[in-house]
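These notes concern the structure reproduced below.
Whatever order the structure lists them in is the order used to number ligands and atoms, beginning at 1. These numbers come from a predicted model, not from an experiment.
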Amino acid sequence: MRKIAIAMAKGGVGKTTTAINLAYGLASRGYRVLLVDCDTQDQAAKFLGATPQYGLYEFVTERGKNGEYVSKNETIFLCRPNLWLLAGGIQLVELKNWLGEQPRDVRQTLLGKELVPKKGSLDYLIFDCAPGWDVLSVNILMAANEVLCPVALQGPSLEGLKTFFRYLQSAQALNSDLRLKYILPTMFDQRTRQSHEILAQLRKYFHRQLCEPIHFNVRLSEAPVHGQTIFEYEPQASGAQDYDKLIRRVMNDGGR
Ligand SMILES: Nc1ncnc2c1ncn2[C@@H]1O[C@H](COP(=O)(O)OP(=O)(O)OP(=O)(O)O)[C@@H](O)[C@H]1O
Ligand SMILES: [Mg+2]
């Protein structure tokens with residue numbers, strides 16, 4: 001099973017867009033995928049038009065809002081054929097508090113220990129990370145072994161990347177299996193010089209990890225409003241073609 005964290009400390013760079021479209025694309029090709037939303041904003045469920053009752057908080061604690069017992073199975077929501085979701089949400093604030101209270105030597109690895117699927121039951125575990133950096137982000141990077149880092153080709157994104165790399169290095173010091181596998185340029189606007197300049201910098205420093213850019217595409221921002229992936233909302237859109245290339249690249253990097 002491959003465990004891929006879609007992570008970047010900077011907000012609004014396309015992490016959730018990438019997570020749901022990658023997860024859906026892999027699932028629709030027959031891979032069994034569990035998408036884990038690690039963000040209090042609960043965006044992954046919204047982007048997929050799903051309304052799960054429970055999510056990651058209940059999965060880890062096995063407790064519902066009123067203290068009732070919730071089994072782990074009940075917390076995993078089938079969104080599409082082959083695509084399951086562990087939703088995020090505001091309860092993750094409590095999960096972070098709880099993690100913060102655990103003994104120092106175990107607090108960073110608790111999530112990874114909980115997320116051990118039955119052998120052969122899943123092909124991909126995809127984490128949609130929150131912006132920023134906290135105890136939950138560390139847990140995710142302890143549980144994952146590949147990082148896909150979306151970088152917006154606009155604004156001060158290289159600064160954000162530098163900050164994120166410092167975090168990533170501190171995580172790699174604790175998890176030697178963790179690799180920066182993909183740098184995904186997003187919001188590529190052909191008409192702006194800035195987009196080309198940032199892309200040239202990325203090409204220079206991350207030739208191996210660099211994926212083909214995801215263009216700025218209004219359809220990509222409309223699809224979540226309808227609770228759909230780009231492949232369901234408008235499969236002919238440039239955003240669908242761009243994400244299709246990413247899915248093929250990810251698939252080609254690993255067997256089943
Ligand atoms: N390539 C794109 N073209 C146009 N709009 C996009 C593109 N990618 C994402 N968007 C839109 O930009 C906004 C931010 O994207 P998204 O929520 O995926 O970012 P994020 O990194 O997950 O944000 P956060 O850090 O808040 O979790 C959303 O409204 C999304 O629909
Ligand atoms: Mg997000």
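At a threshold of 2.8 Å, the Mg ion (ligand 2) has a backbone or side-chain N, O or S atom of Thr16 nearer than that distance.
Close N/O approach between Gly14 and ligand 1 is found [any backbone or side-chain N/O within under 3.5 Å]. Annotation: Val218 places no N or O atom under 3.5 Å from an N or O atom of ligand 1; distance criterion only. Between Gln41 and ligand 1, a contact under 3.5 Å exists for at least one N or O pair. The shortest N/O to N/O separation between Lys15 and ligand 1 falls below 3.5 Å. The shortest N or O to N or O distance between Thr16 and ligand 1 is under 3.5 Å.
Distances from ligand 1 to the non-hydrogen atoms of His215 include at least one value under 4.0 Å. At a 4.0 Å cut-off, not a single heavy atom of Thr186 sits close enough to ligand 1 to count as contact. Heavy atoms of Gly12 come nearer than 4.0 angstrom to ligand 1 in at least one pair. Residue contacts with ligand 1 leave out Gln43, since none of its heavy atoms falls under 4.0 Å from the ligand.
Among Val225, Asn217, Asp242, the residue whose heavy atom sits closest to atom 3 (N) of ligand 1 is Asn217.
At least one protein heavy atom sits closer than 4.0 Å to atom 18 (O) of ligand 1. For atom 9 (C) of ligand 1, a protein non-hydrogen atom is found at a distance below 4.0 Å.
Here CZ of Arg2 is found 4.5 Å from OH of Tyr124. Values are rounded to the nearest 0.5 Å.
Ser71 and Glu74 form a side-chain donor-acceptor contact under 3.5 Å, judged by distance and modelled atom types alone. Side-chain atoms of Ser137 and Asp134 include a donor-acceptor pair closer than 3.5 Å.
With respect to the salt-bridge test (charged N to carboxylate O, under 4.0 angstrom), the residues Lys15 and Asp128 do not qualify. Salt-bridge formation is detected for the pair Lys72/Glu114: a Lys NZ or Arg NE/NH1/NH2 atom is positioned less than 4.0 Å from an Asp or Glu carboxylate oxygen.
Here Asp39 has side-chain heavy atoms under 4.0 Å from ligand 1, and that is the only part of it that gets that close. Of all the heavy atoms of Phe47, the ones lying under 4.0 Å from any atom of ligand 1 belong exclusively to the side chain.
Hydrophobic clustering of Ile, Leu, Val, Met, Phe, Trp and Tyr side chains at less than 4.5 Å, counting indirect connections, keeps Leu34 apart from Leu85.
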